[in-house]
Q: 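Below: one structure in structure tokens.
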Amino acid sequence: MEQALRLGLRGQGKTDSNPAVGCVVVGADGAVVGAGWTQSGGRPHAETEALDEAGSAARGGTAYVTLEPCSHTGKTAPCADALVKAELKSVFFALLDPDPRVAGRGAEKLRQAGIEVHEGLMRDEACRVNAGFLSRVSGGLPHVTLKLAVSKNGFMRTPEGEPPWITGALSRNIGHMLRATHDAIVTGRGTLETDDPSLDCRLPGLAASSPLPVVMSRSGYFPVASKLAQRAATHTVVLACEGEGADADAHEAELCTFDNLSPQAVLENLAARGINRVLLECGPQLAAAFLEEACVDDIALFEAPHEVAMSGESDISRMGLASAELNRYFDCLDRKVFDTDRFSLWRRKAEKQRWAEMGEG
Ligand code: AOF
Ligand code: ZN
């Protein structure tokens with residue numbers, strides 16, 4: 001199952017609205033005979049990939065799947081049927097598929113065919129890999145990762161006239177990897193104006209995994225000359241307030257207007273488009289708005305070893321993410337060192353509703 005989870009991760013950010021599932025088939029003699037994962041665009045599914053590789057060697061064997069095999073005829077035939085046809089002896093799956101077309105029916109199909117079914121192996125890990133799919137299907141919201149790159153003194157910006165980079169080249173590459181593993185990337189008007197980001201994944205071979213660019217800009221500000229507007233054949237979504245948005249109209253970005261351009265409303269809109277994983281790459285003001293509405297699930301924090309020559313309250317403190325607060329409201333899941341930068345990954349403590357309370361004023 002561990003291997004299946006790792007294989008599933010290969011699809012993260014590439015499977016559209018589908019979950020990123022992994023599958024390993026072990027033959028009757030205990031050797032791995034097939035492995036697969038949900039392919040780009042969401043199909044074929046993991047099980048059929050693994051079974052194709054295994055061929056007749058799957059007979060009498062065991063399949064390990066990170067999600068309950070599907071039972072519906074969607075764009076492909078049901079994976080549960082394929083597992084039955086392959087004459088497996090047993091199937092281990094990590095977690096039930098909340099998609100109402102499946103929701104236990106996949107497991108039932110397998111049982112009725114006489115296959116031994118085991119549910120729940122490495123469930124927590126599987127929930128983590130597919131947090132976005134689970135959250136969208138059962139709660140109508142995507143999973144949100146806030147990416148932050150800060151100086152030692154807590155600033156996300158450099159003084160005017162200096163290069164904008166705070167962290168080193170390796171951290172920035174990891175940042176691009178984050179883009180590749182998310183389905184949409186959200187930024188705000190301020191970042192568009194000051195940084196002029198392209199918001200694509202520029203790692204070799206991963207350009208096609210660039211996330212859907214989404215700009216939150218009350219007035220619909222989206223200049224034709226921006227790098228984002230200049231990206232060839234890129235569908236960009238501009239989210240603005242009702243009655244505005246002339247800039248975006250002018251050069252064919254998709255304009256979407258809201259009575260109230262709140263993080264919650266934006267995330268509901270993205271989930272309705274089938275977006276599972278959202279990366280938030282923005283300035284402290286928009287980040288604080290998402291944090292206040294409890295709309296940040298993970299924080300990917302890159303910390304440079306040097307200070308920048310900025311004064312006043314730091315961005316980290318303005319967002320309410322000084323070390324004590326971060327530790328109080330988020331759990332640290334991982335720590336790494338990238339050259340001279342420190343990296344840490346944080347997950348919001350489920351029971352903490354401080355941000356939501358702050359949002360109510
Ligand atoms: C699996 N294995 O690898 C994946 C599954 O539109 P379709 O036909 O591709 O169906 C989409 C649904 O299939 C999706 O909502 C989820 O329930 C399931 N995804 N199932 O057995 C896989 N990706
Ligand atoms: Zn399937």
Side-chain angles (χ1 to χ4, degrees), residues 1-26 34-54 58 61-88 90-113 115 117-123 125-143 181-184 209 270-277:
M1 189 62 87
E2 258 177 44
Q3 190 184 339
L5 284 162
R6 278 197 299 276
L7 290 171
L9 279 174
R10 295 186 185 187
Q12 221 177 39
K14 302 176 183 65
T15 55
D16 289 346
S17 60
N18 249 333
V21 180
C23 176
V24 171
V25 176
V26 176
W37 60 95
T38 314
Q39 297 294 293
S40 289
R43 288 155 219 106
H45 289 182
E47 298 90 318
T48 47
E49 288 284 292
L51 289 172
D52 276 354
E53 192 188 345
T62 300
Y64 296 85
V65 199
T66 62
L67 185 73
E68 177 191 11
C70 68
S71 53
H72 67 294
T73 303
K75 292 181 180 152
T76 56
C79 290
D81 291 355
L83 292 162
V84 169
K85 197 163 159 240
E87 297 176 39
L88 286 159
S90 54
V91 171
F92 285 77
F93 69 86
L95 107 126
L96 276 174
D97 184 348
D99 186 318
R101 294 171 296 177
V102 186
R105 292 186 196 90
E108 196 45 43
K109 259 194 180 185
L110 298 174
R111 279 191 200 100
Q112 282 187 355
I115 295 178
V117 178
H118 308 269
E119 180 198 329
L121 180 62
M122 300 193 75
R123 186 178 187 282
E125 291 82 350
C127 283
R128 203 174 145 60
V129 173
N130 277 309
F133 173 77
L134 300 174
S135 158
R136 182 179 64 77
V137 171
S138 38
L141 289 171
H143 180 86
T181 56
H182 286 75
D183 302 303
S209 301
L270 294 178
R273 295 165 188 263
I275 298 284
N276 290 329
R277 289 168 56 80

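When a ligand or atom number is given, it counts from 1 through the structure's own listing order.
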Q: Counting N and O atoms only, with roles assigned by atom type, does the side chain of S135 sit under 3.5 Å from a partner on the main chain of L141, one being a donor and the other an acceptor?
A: yes

Q: Answer with side chain, backbone, both or neither: which part of C79 has a heavy atom less than 4.0 angstrom from an atom of ligand 1?
A: side chain

Q: Any heavy-atom pair between the side chains of D16 and I275 that's under 4.5 Å?
A: no

Q: Relative to the heavy atoms of V21, which atoms of ligand 1 are at a distance of less than 4.0 Å?
A: 3 (O), 4 (C), 22 (C), 23 (N)

Q: Quick check: does V102 get an N/O under 3.5 Å from an N/O on ligand 1?
A: no

Q: For S17, is there any backbone N or O sitting under 3.5 Å from a side-chain donor or acceptor partner on D183?
A: no

Q: Near P69, which atoms of ligand 1 are under 4.0 Å from a heavy atom of that residue?
A: 21 (O)

Q: With atoms numbered from 1 as shown, which atoms in ligand 1 lie under 4.0 angstrom from a non-hydrogen atom of E47?
A: 1 (C), 2 (N), 3 (O), 21 (O), 22 (C)

Q: Should you measure from each heavy atom of D97, which atoms of ligand 1 turn up under 4.0 Å away?
A: 16 (C), 17 (O), 18 (C)

Q: Can you list the atoms of ligand 1 that are under 4.0 Å from a heavy atom of T76?
A: 8 (O)

Q: I need the atoms of ligand 1 closer than 4.0 Å to a non-hydrogen atom of F133, numbered in the order shown.
A: 15 (O), 16 (C), 17 (O)

Q: Write out the residue and atom name of the closest protein heavy atom to atom 20 (N) of ligand 1, then the distance separating them to 0.1 Å.
A: H45 ND1, 3.4 Å

Q: Give me the atom names and distance for the closest heavy-atom approach of L67 to F93.
A: O-CB, 3.8 Å

Q: Can you tell me if R123 has over 12 outside heavy atoms packed within less than 6.0 Å of its CZ?
A: no

Q: Which atoms form the tightest heavy-atom contact between E68 and D97, and what is the distance?
A: OE1-N, 3.1 Å

Q: To check your reading of the site, what angle at the Zn ion (ligand 2) do SG of C79 and SG of C70 form, to 10°?
A: 120°

Q: One residue to check: R43. Relative to ligand 1, which of side chain, backbone, both or neither has a non-hydrogen atom less than 4.0 Å away?
A: side chain

Q: Is the shortest side-chain heavy-atom distance between H45 and V21 below 4.5 Å?
A: no

